[in-house]
Amino acid sequence: MNTFADYILEERNLAAKMEIAYYLSKKEDIFFDKTVILKTELARLFLKYNKLELDENLVLTACLLCNCKKPKNSRNIEEVKLYAKQGAEYLQRLGFDKKFCKICEEVNRYSESSPREKESDILELVDQFGGMILNRQERIGLKSDEALVLLIHRNLKNKYNRYIESFSNFINVLEEIDMGEFVETKALKQLTKIFNQTDDVVQVIKRVINIYEPNIDKLMQKRFKQIEKDMFEEGIRSNRPLFTEETTRKIMNDIEKRKLETGIV
């Protein structure tokens, strides 16, 4: 007898996979909102254009489900620390194997699971970066350069994430791609605009899959050779800093000033 895990993993169409996860959330009252869609699309693009030797279907399914037990609007740090582990236990009951559950548990580092799975490093990056650039009730989304600086110099300071440098370079490229051929905005801003302007989860899925995704793929393919040259040549990656010291200092000072003024980052 097939389990839910078999059902969603065997579904290769991403839109259908998203809808399966969405309807599971309605039935089981697990966490699934439009932020999950944006983070999953970021993961899809990162996987596709970095040519990582990972199972894309596995990673994207994990993106959709890793926050299933995330508390809604909770400021209780103990709940925040426990939700990834609780989610992994829940997913195991749905039929997912130990590796899949471990990948999801490692979306954050509170369980101190070690050694970390490669796929978990991608979940961690899209979860944290995606959360920072999106609008919330208490604040507007951060600019991508601010979010990357915080990701590197605060959230993951003294922590090893094997993809942090290539992810940062990828986001910088995504920020530069002009979608003027289709809409008058940059690629990353267009993705966040869909999130900020659309509340219905099903409509977000349709806009991302049917409109945004085909357009960004066409533009990325046009720049693919240049992206490879800029992002994937080891010599360039190892010798070029992600940010100048001046840029990093300025962004951190701006964020600290904002925190003092509002009490929120």
Side-chain angles (χ1 to χ4, degrees), residues 4 8 11 13-48 56-57 59-75 79-80 83-84 87 90-91 104 107-108 122-144 146-148 150-151 167 170-171 174-175 177 179 182-183 185-217 264-265:
F4 174 81
I8 194 169
E11 176 56 69
N13 180 279
L14 184 55
K17 192 185 290 288
M18 288 177 175
E19 290 185 0
I20 291 169
Y22 171 67
Y23 288 115
L24 176 70
S25 73
K26 293 298 183 182
K27 180 181 178 182
E28 296 284 325
D29 192 31
I30 60 173
F31 181 86
F32 188 93
D33 67 6
K34 59 185 181 177
T35 65
V36 176
I37 309 305
L38 180 139
K39 293 172 183 179
T40 303
E41 176 63 10
L42 283 176
R44 184 193 73 83
L45 287 168
F46 181 60
L47 287 168
K48 184 170 184 176
E56 179 179 319
N57 182 51
V59 175
L60 297 185
T61 306
C63 277
L64 294 172
L65 296 172
C66 64
N67 287 317
C68 60
K69 290 297 180 178
K70 183 177 181 179
K72 299 175 182 177
N73 302 317
S74 176
R75 293 185 177 274
E79 288 184 352
V80 173
Y83 82 80
Y90 169 76
L91 293 171
C104 292
V107 65
N108 60 41
I122 296 175
L123 264 60
E124 177 178 62
L125 293 171
V126 298
D127 187 63
Q128 294 201 30
F129 178 80
M132 287 190 281
I133 64 172
L134 296 175
N135 289 346
R136 297 179 183 172
Q137 289 183 346
E138 68 273 18
R139 64 151 175 81
I140 61 171
L142 300 179
K143 295 179 180 178
S144 63
E146 293 177 331
L148 285 174
L150 284 178
L151 185 64
F167 181 79
F170 169 73
I171 292 298
L174 196 60
E175 268 280 35
I177 293 179
M179 296 190 74
F182 305 102
V183 289
T185 188
K186 301 292 185 180
L188 187 56
K189 289 182 180 179
Q190 179 62 19
L191 185 57
T192 58
K193 185 177 179 181
I194 292 171
F195 167 87
N196 292 328
Q197 291 185 347
T198 311
D199 290 327
D200 183 80
V201 174
V202 174
Q203 289 303 313
V204 173
I205 292 173
K206 289 179 179 178
R207 290 188 65 184
V208 169
I209 297 295
N210 298 332
I211 301 173
Y212 180 82
E213 191 174 292
N215 291 342
I216 187 60
D217 282 348
I264 297 171
V265 174

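I30 CD1 to L91 CG: the interatomic distance, rounded to the nearest 0.5 Å, is 7.5 Å.
Looking only at distances, a side-chain donor or acceptor of T192 sits under 3.5 Å from a matching main-chain atom of K189. A distance-only check finds a donor-acceptor pair linking the side chain of N135 to the backbone of G141 [under 3.5 Å].
Under the rule for a side chain to side chain donor-acceptor pair (under 3.5 Å), the partners of T35 that lie at least two apart in sequence or sit in another chain are D33. Every salt bridge (charged side-chain N to carboxylate O under 4.0 Å, His left out) that D29 has, sequence neighbours left out, goes to K72. Annotation: side chain to side chain contact (heavy atoms under 4.5 Å, CB included) contacts of N57 (sequence neighbours excluded): L9, R12, K17, D55, T61. Listed by chain and number, the residues in a side chain to side chain donor-acceptor pair (under 3.5 Å) with N210 amount to none (sequence neighbours excluded). Remark: E56 pairs with no residue by the side chain to side chain donor-acceptor pair (under 3.5 Å) rule, at least two apart or across chains. Under the side chain to side chain contact (heavy atoms under 4.5 Å, CB included) criterion, D127 pairs with K39, N67, Y83, V107, sequence neighbours left out. With sequence neighbours left out, the side chain to side chain contact (heavy atoms under 4.5 Å, CB included) criterion links D199 to K34. Every residue two or more places apart in sequence or in another chain that forms a side chain to side chain donor-acceptor pair (under 3.5 Å) with Q128 is listed here: N155. Contacts of A21 classified as side chain to side chain contact (heavy atoms under 4.5 Å, CB included), with partners at least two apart in sequence or in another chain: I8, F32, L64, L65.
Between L45 and F170 the shortest side-chain heavy-atom distance falls below 4.5 Å. Side chains of I171 and F129 form a contact here, defined as non-hydrogen atoms less than 4.5 Å apart. Between L134 and L142, every side-chain heavy-atom pair lies at or beyond the 4.5 Å cut-off. For the pair L42 and L191, the minimum side-chain heavy-atom distance is below 4.5 Å. Between E19 and Y23, some side-chain heavy-atom pair lies under the 4.5 Å cut-off.
Of all non-hydrogen atoms in A84 and C104, the two that sit nearest each other are CB-O, 4.3 Å. In this structure, P71 and V80 approach most closely via the heavy-atom pair CG-N, 4.5 Å.
Residue pairs meeting the salt bridge (charged side-chain N to carboxylate O under 4.0 Å, His left out) criterion with at least one partner in residues 202-216, sequence neighbours excluded, are R44-E213.
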Worked verdict on E175 versus S144 for side chain to side chain donor-acceptor pair (under 3.5 Å): CA-CA 8 Å; E175 268 280 35; S144 63; 2.5 Å; yes
